[in-house]
Novice: 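One structure, pasted below without further comment.
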Amino acid sequence: MDELLPETKTARTSYKYDPKYCEQLIAHMKEGLSFEAFAGAIGVSYPTLFNWTKKHDEFKEAYELAKGHCRLYWEKVGTKAVNGGIAFFNNPLWIFNMKNRFGWRDKQEIEHSG
C-alpha cells in the first residue's frame, strides 16, 4: 500500500495541506479521538490524510506522536476504571476498543513438542 490513495473533492473544501494540521491532529488525538475522525473534523477524506502522511514528513511525525497520545488517553481511562473511578464502566466495550485501535490480543500460549 505504498501508492497514494485517490483523493476526492467536495464543493465545500479544498484539500490543500496546511502545516497547522500537525498541531491540530495532536490535540485531536490527545482527546482519544481517531486519525480517521480527524478527517471529518477538518472536512477532508481519509485518503487525503493518508496521502499527507506520505507527502509531508512533519504530518507523518505528528501522526506518530498523536497515536501515542491517543493510546495514553485510552489506557488512562482503563486505569481509572480499574481503580473504581468510573461508575458503570463497560469493561468489554473498553477491551473491544483497545483491541481494535491498538491491536491488543488475548495471549495464546502454544506448546510445541517434538
Novice: Where do M29 and A66 come nearest, in terms of heavy atoms and distance?
Specialist: SD-CB, 3.5 Å

Novice: Taking the inter-plane angle between the rings of Y17 and Y21 on a 0 to 90° scale, is it parallel (under 30°), tilted (30 to 60°) or perpendicular (over 60°)?
Specialist: perpendicular

Novice: Partners of A27 by side-chain contact (heavy atoms from CB on, under 4.5 Å), sequence neighbours excluded?
Specialist: none

Novice: Kindly say whether K20 contributes a backbone atom to a donor-acceptor pair with the side chain of D18 at under 3.5 angstrom?
Specialist: yes

Novice: Could you tell me if the side chain of I42 sits less than 4.5 Å from the side chain of L49, heavy atoms only?
Specialist: yes

Novice: List for me each residue that meets side-chain hydrogen bond (donor to acceptor under 3.5 Å, both in side chains) alongside Y63, sequence neighbours excluded, and say none if there are none.
Specialist: none

Novice: Any idea how W52 and F59 line up, ring-wise: parallel (<30°), tilted (30 to 60°), or perpendicular (>60°)?
Specialist: perpendicular

Novice: Which pair of non-hydrogen atoms, one from A62 and one from I26, has the smallest distance, and what is that distance?
Specialist: O-CG1, 3.7 Å

Novice: To the nearest 0.5 Å, what is the distance between SG on C70 and CD on E31?
Specialist: 10.0 Å

Novice: So among E61, K60, E58, which one has a side chain to side chain contact (heavy atoms under 4.5 Å, CB included) with C22?
Specialist: E58

Novice: Which other residues end up in the same hydrophobic cluster as I95, if Ile, Leu, Val, Met, Phe, Trp and Tyr are linked when side-chain heavy atoms come under 4.5 Å apart?
Specialist: Y73, W74, V77, I86, F89, W94, M98, F102, W104

Novice: Just by modelled atom types, is the L93 backbone N or O under 3.5 Å from a matching donor or acceptor in the N97 side chain?
Specialist: no

